[in-house]
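Read the structure below first, then the notes.
Note that the structure is predicted; figures quoted are calculated from it, not measured.
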Number of protein chains: 2
Amino acid sequence: MTSELQIFQDYIRQRGLRRTPEREEILREIFEVHGHFDVDGLYLQLKGKGSKVSKASIYRALPLFIDCGLIREVDFSDGHWHYEHIYGHADHNHLRCLGCGEIQEFEEPTLQLLEEQLAHKYHYQIKGHQLQVYGYCTACRLKDWGRQGV
Amino acid sequence: MTSELQIFQDYIRQRGLRRTPEREEILREIFEVHGHFDVDGLYLQLKGKGSKVSKASIYRALPLFIDCGLIREVDFSDGHWHYEHIYGHADHNHLRCLGCGEIQEFEEPTLQLLEEQLAHKYHYQIKGHQLQVYGYCTACRLKDWGRQGV
DNA sequence: ATGTAATTGAGAATTAATCTCGATAATAAC
DNA sequence: GTTATTATCGAGATTAATTCTCAATTACAT
Ligand SMILES: [Mn+2]
Ligand SMILES: [Mn+2]
Ligand SMILES: [Zn+2]
Ligand SMILES: [Zn+2]
């Protein structure tokens, strides 16, 4: 059993929840795919492989995966949530092009320090952070030079 | 005329748009209120003062204010967008309690440097960033100690 | 094997945001 | 000032992501 599945089963048992094939299918698919995903894409992917899991089950499973630290929500400001698995991956943030939607990932280790400072200053137990930086990539800047401030 | 209104009128003229009392009312209300707001709250506030502006007009005006740098979207991950005016305010980020929703604002000037580094490294024209840090405040931690990892 | 209660799928409900459309009114040209 | 043009308005319909409902199923404990 892959260790993400193991982590999830431990979480399930600890909470008195139930192990179901649907939840396993969804989790497996998430960790087979690299990169970001959204509910609709994940649903279609599973469906394409012959799976019968419903969208409702996906919507119900994702909060569990988030809660046990396997995935996280990612905000691309396009009207719905995206997600990515984080277990086994280096912490990173996203630089997004407002023109074409391209995503560049980058690491910024100093944010870990920031979390610790904030925890101390405001007496918070920090669970995580999200940083989105946005702007225009070279291609979009050239394409769209009518906009001011190019 | 307040300078935020001036900035908006300049923007309007430059774009060949029209000056309307509705847009002015909305902008005025945004800058009279301190703190964060959402569409529904802003609408009710205006209504309470006898204004006749519709929600549709608010939804249409906000992107204009964002575009000319007077306000920005703020993500509190509660299902809809929040906003805050930024003109005349120090750049800041948000620390949010996952229990009670309390927001702490904090400044982190090094993010400006990060923007410059990213602009250079990825050849982006950076327009801004959003950083949310989230966790549990002292009160919620005490209240809810059943959660693991307190 | 049996009882229980968590989980499922399908579709209805909710709700933020956008769109449509006829009426209104801001601006420019005369 | 009058007129023409067309951006903007309000009201309500529409869209789309997410949540909810409920009867049927099934995981798990006994
Ligand atoms: Mn990523
Ligand atoms: Mn703020
Ligand atoms: Zn681009
Ligand atoms: Zn709290």
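His94(B) and His92(B) have perpendicular rings, their planes meeting at more than 60° on a 0 to 90° scale where under 30° would count as parallel.
Residues from residues 17-30 of chain B that place a heavy atom under 4.0 Å from any atom of DNA chain D, listed by number: Leu17(B), Arg18(B), Thr20(B), Glu22(B), Arg23(B).
Think of Leu111(A) as one node in a network of Ile, Leu, Val, Met, Phe, Trp and Tyr side chains linked at under 4.5 Å; its network also takes in Leu95(A), Phe106(A), Leu114(A), Leu118(A), Tyr122(A), Tyr124(A), Ile126(A), Leu131(A), Val133(A), Leu95(B), Phe106(B), Leu111(B), Leu114(B), Leu118(B), Tyr122(B), Tyr124(B), Ile126(B), Leu131(B), Val133(B).
Remark: Arg60(B) does not engage Glu22(B) in a salt bridge, criterion side-chain N to carboxylate O under 4.0 Å.
Around the NE2 atom of His89(A), the shell of radius 6.0 Å holds more than 12 heavy atoms that belong to other residues, nucleotides or ligands.
Using a 4.0 Å heavy-atom distance criterion, Gly16(B) is classed as making no nucleic acid contact. Looking at heavy-atom distances under 4.0 Å, Lys52(A) makes contact with sugar-phosphate atoms alone, never a base.
The side chain of Tyr59(A) contributes no N or O atom lying less than 4.0 Å from OP1 or OP2 of dT19(D).
Between the CD atom of Glu73(A) and the C1' atom of dA17(D) there is a distance of 13 Å, rounded to whole Å.
Taking five base pairs at each end of the helix from dA1(C)-dT30(D) to dC30(C)-dG1(D) and finding the rotation axis that steps the C1' atoms of four pairs onto the next four gives two axes whose angle is 40°, to the nearest 10°.
Without hydrogens or angle criteria, His85(B) side chain to Ile30(B) main chain gives a donor-acceptor distance under 3.5 Å.
His36(A) and Glu84(A) form a side-chain donor-acceptor contact under 3.5 Å, judged by distance and modelled atom types alone. A side-chain donor-acceptor contact under 3.5 Å links Glu25(B) and Ser51(B).
Comparing Ala56(B) and Ile12(B) along DNA chain D, the residue whose closest nucleotide (by nearest heavy atom) sits nearer the 5' end is Ile12(B).
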